[in-house]
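This is a predicted model, so every value here is computed, not measured.
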Amino acid sequence: RAITARDHGHCIGEGCDVPAAWCDCHHTRHWARDHGPTSVDNGVLLCGRHHDQVHHHGHAIITRPDGTRAINPTPGSDPNHHTTPPTPRP
C-alpha cells in the first residue's frame with residue numbers, strides 16, 4: 001500500500017495511468033544480482049509494458065530531484081542491465 005500511495009496509484013511510466021492493481025512491483029536494485037532489498041524504497045509500480053522495457057531493453061529507473069521515480073526513456077541506460085535469456089520449458 002505504501003508503494004501504491006507513493007506512486008500515486010499507477011505505473012510510474014511517463015503518462016501511464018495503468019492502475020496499481022494491474023501493475024507489478026519492480027525492485028529498482030535487482031534482488032538477486034545486486035542484493036536489493038524488498039522494501040518500499042527499492043520498489044516501484046510498473047505495468048506490463050514498462051516492466052518489459054526495464055527488464056528486456058535496459059531502461060533504467062531514475063530518481064528525479066523531487067524524489068519521484070521515473071523510467072529513463074533511453075534503451076540501454078541501465079549500466080547494470082543484463083538480458084536474461086528465457087527459461088527453457090520442458
Side-chain angles (χ1 to χ4, degrees):
R1 293 181 197 187
I3 292 173
T4 299
R6 187 206 54 221
D7 293 347
H8 306 287
H10 57 81
C11 174
I12 66 160
E14 190 71 34
C16 188
D17 61 0
V18 172
W22 296 355
C23 291
D24 292 320
C25 188
H26 171 77
H27 287 83
T28 55
R29 222 173 82 216
H30 196 274
W31 63 274
R33 182 187 66 231
D34 303 324
H35 308 287
T38 298
S39 66
V40 172
D41 290 338
N42 193 44
V44 293
L45 292 176
L46 295 175
C47 68
R49 181 172 70 93
H50 287 113
H51 213 167
D52 180 69
Q53 286 179 343
V54 169
H55 276 282
H56 300 290
H57 302 285
H59 294 263
I61 303 294
I62 58 172
T63 302
R64 295 178 176 146
D66 66 0
T68 60
R69 306 280 178 83
I71 300 169
N72 185 325
T74 306
S77 60
D78 182 355
N80 297 315
H81 174 73
H82 303 284
T83 302
T84 305
T87 304
R89 299 192 185 260

What is the minimum heavy-atom distance between Cys23 and Val18, and which atoms define it? SG-O, 3.7 Å

Do you know the tightest heavy-atom contact between Val40 and Ala2? CG2-CB, 3.8 Å

Among the clusters formed by ILVMFWY side chains lying less than 4.5 Å apart, do Ile12 and Val54 turn up in the same one? yes

Which donor-acceptor pairs under 3.5 Å do the side chains of residues 60-68 make with protein atoms, sequence neighbours left out?
from	atom 1	to	atom 2	distance (Å)
Thr63	OG1	Arg69	NE	3.4
Arg64	NH2	Glu14	OE1	3.0
Asp66	OD1	Thr68	N	2.9
Asp66	OD1	Thr68	OG1	2.7

How long is the gap from CZ on Arg6 to CG on Asp41, to the nearest 0.5 Å? 7.0 Å

If you look only at distance, which donor and acceptor atoms sit under 3.5 Å apart when one is on a side chain in residues 44-52 and the other is two or more places apart or in another chain?
from	atom 1	to	atom 2	distance (Å)
His51	ND1	Asp24	OD2	3.4
His51	NE2	His26	ND1	3.2
His51	NE2	His55	NE2	3.2

Look at the side chain of His27 and the backbone N and O of Asn42, then say whether any donor-acceptor pair between them is shorter than 3.5 Å. no

